[in-house]
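To keep things clear, I will list the structure first and then write my remarks on it.
Protein chains get the first letters and strands the later ones, always in sequence-line order, with residue 1 at the start of each.
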Amino acid sequence: MRADEQSGPPANESVSADTRQTRSFPDYVTGDECLFCHRRQIGPTWQSNPHQRTVRRATPDDHAVRALRNRTGDSADFLMGSKRLIRFLRRSRQYGKLDLLTAVYRPPGAHGRLESVQNRRWDSEKFAAQCAGCHTTAVDSQTGAFAATGLDCFVCHGDVDLAHTNDTRHIFLSQTRREPRPVVSVCGQCHLRGGKSRRTGRPWPDTFLPGEELSADFEVDFSDAAIAALHPMDRHIFLNARAVLIDGDETTTCLSCHEVHAADSAKHESLNDGALCAVCHRADSGGGDLRESLLPDNVLEEHSEICEY
Amino acid sequence: MWVPKWQRDRSRGVDSPIPTQVVSNEEFVPRPQTRQQRLWESLIDDMSSHHAKKVGMSRRDYMRSSMGLATAFLASNAVYGPYWDVDAAEAVEPAATEEKFPKGEYFIVDVQTHFTDGVSLGFRNHEFVRNMGFQLDENPDAYSFTNFVKEIFFDSETSIAVISGVPGRETNRKLDGREVEGRARGGGVLPSWLMSRRKNELNELSGSTRAFCQGNCAPNHYWNRQTNAPDFSALFDQMEREVKRYGIDSWKWYCHTDPGRSGDGFRMDDEKLAYPFYEKSRELGLKVFSVHKGFASQSRTLGHFAHPGDLEKAAKDHPDLTFICYHSALKHGPNEPQFQEDGFFDPETGDFAWHADLMKIRERNPDLTNIYPEIGSSFGLLSIAHPEMCQHLIGRNVKYYGADHVIWGTDCLWWGSPQWVIDAMKRFQISDELCEKFGYRKLTKHDKALIFGLNAARIYNIDVDAQLKTLPADALSERKAAYLESGGQRDNAAAGWVRADV
């Protein structure tokens, strides 16, 4: 549709997700098409952005790739993970599928080590069942096939119409469209780890589109006990999501602190939210000191059952 | 503190018609002026004051004349080296410039021109456009076909334009199998159906051949997800449509994009994917393949497919096909951070990524004559931002591929009217030092005539002699004359923000 044929700016309400059961993802505009225009602002830095690198191409000079090749002679097409655990992936013969090697590489860098080498095998089911929803784009609920590796623009910004060039309110999470519920829902589709799709049972929501109610399909345990049991890094996400999605608090969202494109959270230092700050910072230190559980050694011990590290 | 560039220039008595420092578009902190930039600006100031007095003009009026532009180029040569062809006489005699660079001297075929389907893209207020003192409109009208005609034809010396494609794919059929037409086909900001429609409109209006057009269809655009293989039936359907119904004159490929969600980009030497496309295209009678190479940050995950390495085998295996390598494979533009990284450009060898790899292809294959480096954006950007690299770009293209293979393109109207790029090429020259050190040669007027249009004319089967007779008398020329007579001119006002302390 031409921009000048738009009848006006989009409505701000969240989109109803009632009819989602039978649908598939729309034929969205891919990130490479987006970058034709946004090459200057986004292109140069996006290659190194963590959201872009959820699945990244395996390069011969990568320590993990080198270790795998030298020790086993195997090669991989892609890598997943960085600080705690690196996994090896290869293209499947099927559309939108990756095989996951059972051997893993435990960083850091050249001092890391290859583990589970004996009896290693390429698992053709696991990535589609457990990882694809948050490491790739537009996963088909029925086949488990994804449309693109990494997180394409579509994951956060939705199916963007050309009309956005004249009115950025046509894009979710743009500077002019940051309503709290959609923002937290978009981030929560992956960062609320432990949630589960009611329809598919998978650890990510079924065919979720930006602008929709996350809770329509995604079941998350927001109880005090469950949240208290989380690692602080996860806990602050759950607390904020509960405040916005359940309690209707609209003062703070993920974007209040995190600049996703810039991979920067410097803004969080200006946040005026004692409870959320206290998840990570000692209240008696004027906000400066981290709690002991977040000191460097302990951060490395952060783990996730969902992600198996 | 930031101040508008015009404000600082006025307070300091500077009125340069070409940029003497990086100007911000408000999205980043302007960089301080370098020592060379300060010297350049100071020289412009001194020389223009002197010359303006000599010819009896106010300094401001003088800087807006061809003499003022010549002064800026003279000052630049004094600071950076002699890469602009400009004589001292041009600074005080307008006739010297007119004699040296007569309008219409070159037959210009621009193989890389664009407009959009009613959307603005943010290119026309790009930092380097502002650097040049241009204040271009940034709205849908500025990207429209109407403005395209004005800026490409009325505001510049361009004779013929090839409307060039951008990433995007058309939807050929609805779910019920019926073909869709017009805007319902989608296809992004400049779809094939629209390029074709506008080409025909322009040629009908002109009563001549003023426009050619490209088609966006590419090997990975239609994908069978059940078999995880190309849907050749749908692909060939679309190819036939673009050649037979749209009358496209070349394909325009972006190997590093995946609008059909095939799961990957594609290589031009992929025998299973690209070769059937070549075969089908040959059968349809279309043998020109224009392909974007370089500017790799335009892709999210597939930037490596913008490397020119795959051209070698494709061109060797298909000697009857013509491959035009757009942007001469310049990997990153001057405004990208990677451009500044150590090793991107090696002044000792003249190599820069991935242009050096494109040169090596020809070096390895002296008989490979069906690859043509195109210089759209690469020449314009480097001529302003890095004159030394610009000399290597052209020097090496000519050295390895020959002046009869370098193709003129500008990427306008992304950057406004292409006349500034045309002016830059007219004055562009390679220094004695680089010629001696790297085996380049000075560009002759004949070389420039080849680059500006005679090479592209050969590829697109344009009868230059016939066109030279026809075009000056066609309806478009009549309208251009009326436009100029009524005072029409390019927009050229200074804009942007600089630091007040420099």
Atom OG1 in B:T227, atom CZ in A:R93: separation rounded to 0.5 Å?
-> 14.0 Å
Counting only heavy atoms closer than 4.5 Å, note whether B:D264 contacts chain A via side chain, backbone, both or neither.
-> side chain
Measure the spacing between OG of B:S297 and CH2 of A:W46 and express it to the nearest 0.5 Å.
-> 13.5 Å
Return yes when atom CD of A:Q142 has more than 12 non-hydrogen atoms of other residues, nucleotides or ligands closer than 6.0 Å, and no otherwise.
-> no
Is there side-chain contact between B:R300 and A:D152, with at least one heavy-atom pair below 4.5 Å?
-> yes
Indicate yes or no: at least one non-hydrogen side-chain atom of B:P140 is less than 4.5 angstrom from one of A:N166.
-> yes
Take atom CG of A:D61 as the centre, draw a 6.0 Å sphere, and report whether it contains more than 12 heavy atoms from other residues, nucleotides or ligands.
-> yes
If you measure from CG on B:L190 to CZ on A:F36, what distance do you get to the nearest 0.5 Å?
-> 8.5 Å
Evaluate the side chain to side chain contact (heavy atoms under 4.5 Å, CB included) criterion for residues B:H256 and A:L35: first the C-alpha distance (whole Å), next the side-chain angles of each, then the deciding distance (0.1 Å), finally the verdict.
-> CA-CA 11 Å; B:H256 58 293; A:L35 281 175; over 6 Å; no
When rounded to the nearest 0.5 angstrom, what distance separates SG in A:C37 from CD in B:Q298?
-> 9.0 Å
A:R53 versus chain B, the contacting section by heavy-atom distance below 4.5 Å | neither
Heavy atoms of other groups near B:E201 CD, more than 12 under 6.0 Å = yes
State, without any angle test, whether A:T30 and B:D258 hold a side-chain donor-acceptor pair at a distance under 3.5 Å.
-> no
So, the part of A:L98 with a heavy atom under 4.5 Å from chain B: the answer is neither
Looking only at heavy atoms, which two atoms of B:T301 and A:T149 are closest? And how far apart?
-> CG2-O, 4.2 Å
Quick one: closest heavy-atom pair of A:Y28 and B:R261, and the distance?
-> CE2-NH1, 3.1 Å
What distance separates A:R39 CZ from B:F123 CZ, expressed to the nearest 0.5 Å?
-> 4.0 Å
Ranked by heavy-atom pairs below 4.5 Å to chain B, first place among A:V29, A:T137, A:D32 goes to A:D32
Could you check if a side-chain atom of A:E33 sits within less than 4.5 angstrom of a side-chain atom of B:Y254, using non-hydrogen atoms only?
-> no
Chain B contact via A:F146 - which portion, at a heavy-atom distance below 4.5 Å | neither
Test: A:D27 and B:R169 ion pair at under 4.0 Å = yes
Sub-4.5 Å side-chain heavy-atom contact between A:Q94 and B:N228 = no
Shortest non-hydrogen contact from A:Q47 toward B:S299 = NE2-O, 2.6 Å
Among the listed options B:G168, B:S120, B:G263, the residue most often paired with chain A at heavy-atom distances under 4.5 Å = B:S120
Name the option with the most non-hydrogen atom pairs under 4.5 Å to chain A; the candidates are B:H332, B:H292, B:Q338.
-> B:Q338
